[in-house]
Amino acid sequence: MDAASFQQQAMLHERLLYRLSYSMLRNNDDCADAVQETLLRAWQNREHLKNPGAFKAWLCRILVNTCKDMLRKKSRVQQVELNEELAADDTNDQRTFLLNEALSQLPPEQRSAVILHYLEGWSVWEIAQTFDLPAGTVKTRLMYARKHLSKVLSEEV
Amino acid sequence: MNNELKKQLEATMPEVPDSFHQAMCRTLQSIADEQKEANDMLNPKTVKHISRSTIILCFIAALLVTSVAAAVTLNTDLFMIFLGKDKASEAAPTLIQYDLAHKTVGQYEIDVREAAYDGMSLFVCYSLTDTTATEPLDTSILEDPFCQLEGWDVGWWHDGIWINGVDCDIMGGSTALSSRSDKNGEWLCYMLFRLDQSSLQLSGSTTISLPIAKAVPFDALQFIDVDGEMQLLCPEEGTVTFTLDCSRTDGIKHLTPNIDVSFPNGNTARVTRADFTPLKLYVKLSYEIPELPEEPTDWSDEAAVNAYFEASSSALRWVNRMALVDEQGQPVFTADQLSEYDGCESWGDHTASFVFPYSDQYPKHMYLAVMENGKADMQRAVQIR
């Protein structure tokens with residue numbers, strides 16, 4: 001894959017990359033840092049992409065690993081501050097605000113599963129393949145996430 | 001619930017912010033600039049190189065697959081292109097099979113003209129012709145043979161080939177060249193696939209499919225799950241398929257010397273395999289470098305794909321200075337007998353790979369030795385035979 005086709009393919013997935021990184025990091029500056037790191041890692045390791053059809057999944061996997069690295073480096077205090085910052089951003093729609101809150105309370109792995117499955121329409125199988133997880137683990141994450149979201153929304157509305 | 005949840009999730013998701021968009025654009029642009037700079041530096045004159053994939057070894061900055069767009073008109077002869085006619089054995093031409101496939105795609109004619117298999121590498125020559133052209137292609141539009149020519153609907157579009165219907169990655173060490181010909185609108189591409197680097201061994205009648213017809217849209221590609229690994233199905237429309245008789249393996253000899261040698265600095269090495277074919281001599285070297293840390297300190301991801309830098313750097317100090325010598329330390333080949341593809345082609349933490357020209361007069365005892373100031377250091381010589 002040459003730089004031009006890499007550039008083209010990556011830009012096709014801009015929104016997905018943003019949503020996925022945002023689902024984990026919840027901060028736009030961090031998302032920008034994560035995508036930069038992801039693209040560089042992907043480019044450096046492009047020879048390991050065996051099937052061009054798997055580019056999207058491969059890029060997502062690198063992004064998720066990059067986000068995990070970033071989260072590991074962050075202190076708990078910083079995360080709390082970020083969540084507060086996020087909450088203050090959305091005040092117009094009460095339900096959206098609550099859902100955002102509920103999402104923020106989920107572990108990043110559950111959040112990314114929710115975004116990919118419910119928002120991006122990925123199947124459980126696709127998520128499992130992409131992140132090298134048993135399908136059962138993905139289902140469990142989705143189940144817990146859904147349960148939590150339903151609970152928060154039903155309590156508050 | 002799902003549709004409702006989707007709507008609600010959509011509402012929670014901000015639009016892609018400009019900072020994110022700019023970060024992507026800047027990074028991708030820097031990658032494109034870096035590649036252009038690397039290509040220019042590799043050969044500022046007439047050739048163009050690109051880096052490709054490797055499977056077995058992890059290399060630093062080594063050219064694993066090199067493509068060259070030669071800015072001259074070349075004749076159609078695989079062995080002359082890759083080896084030079086005087087460097088192959090008399091048996092070499094019998095390996096070549098001609099006129100293997102033809103396909104018409106709109107205004108384009110695609111012909112697989114020659115192919116050969118020497119037990120290690122697959123050689124292919126094909127031509128792409130724009131039948132509407134009224135003159136030979138201009139050398140200024142010569143491009144990377146792993147890409148399509150600008151404005152053309154046919155040409156290389158996928159990083160792999162299909163062997164007996166199975167998608168195979170482009171192997172490390174593979175090479176490609178391309179050239180215009182004197183015929184109107186004709187572009188010639190010469191490919192050398194190092195199947196041995198992927199431990200692929202062909203035998204009997206083998207079907208090869210090349211992704212050189214009309215590119216298949218990304219979303220139209222079909223995959224199948226084979227033992228948990230996704231494989232890309234060969235799309236008939238986008239490929240040209242031919243059958244190659246790979247049973248012609250006369251003159252191929254394999255050695256597994258495995259003679260351990262300890263260098264004065266504590267490194268140990270051995271030649272694990274030497275393959276003599278009518279076209280080339282392929283040598284695999286294995287070594288241990290005791291001073292290497294068990295845990296490389298360079299960045300690595302979860303698959304540790306980039307964790308080799310430190311080890312490879314250490315090996316680089318001597319591996320790429322090894323030459324083929326006799327027991328007196330005399331080089332088997334002079335510098336002008338070696339092509340740009342000969343010598344150490346790749347190295348990693350524990351193994352390196354070498355290619356040398358064919359000779360019908362290899363010395364009885366032969367070594368890979370580290371060269372110092374033009375002389376073989378026989379204290380660091382590893383016996384091949």
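Labels below follow one simple rule: chain letters A, B, ... track the order of the sequence lines, proteins then strands, and each chain is numbered from 1.
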Inset, instruction - Output the distance between atom CG (A/D30) and atom CZ (B/F20), rounded to the nearest 0.5 Å. - result: 12.0 Å
Legend entry - Under 4.5 Å from a heavy atom of chain B, the part of A/L17 involved: both
Legend entry - Atom CD of B/Q22: over 12 foreign heavy atoms under 6.0 Å: yes
Legend entry - B/E15, part contacting chain A, at a heavy-atom distance under 4.5 Å: backbone
Inset, instruction - State the CD1-CG distance between A/I115 and B/L9, to the nearest 0.5 angstrom. - result: 5.0 Å
Legend entry - Heavy-atom closest contact (A/N100 atom, B/T12 atom, distance): ND2-O, 3.8 Å
Inset, instruction - Could I get the full list of side chain to side chain contact (heavy atoms under 4.5 Å, CB included) partners for A/T66, not counting sequence neighbours? - result: A/A34, A/E37, A/T38, A/R41, A/I62, A/M70
Inset, instruction - Give the minimum heavy-atom separation between B/L28 and A/L39, together with the two atoms involved. - result: CG-CD1, 4.0 Å
Legend entry - Nearest-0.5 Å distance, OH of residue A/Y18 to CE of residue B/M24: 13.5 Å
Legend entry - Flag if over 12 foreign heavy atoms under 6.0 Å of CD, B/E10: yes
Legend entry - Which of A/E14, A/M11, A/R15 touches chain B most, by non-hydrogen pairs under 4.5 Å: A/E14
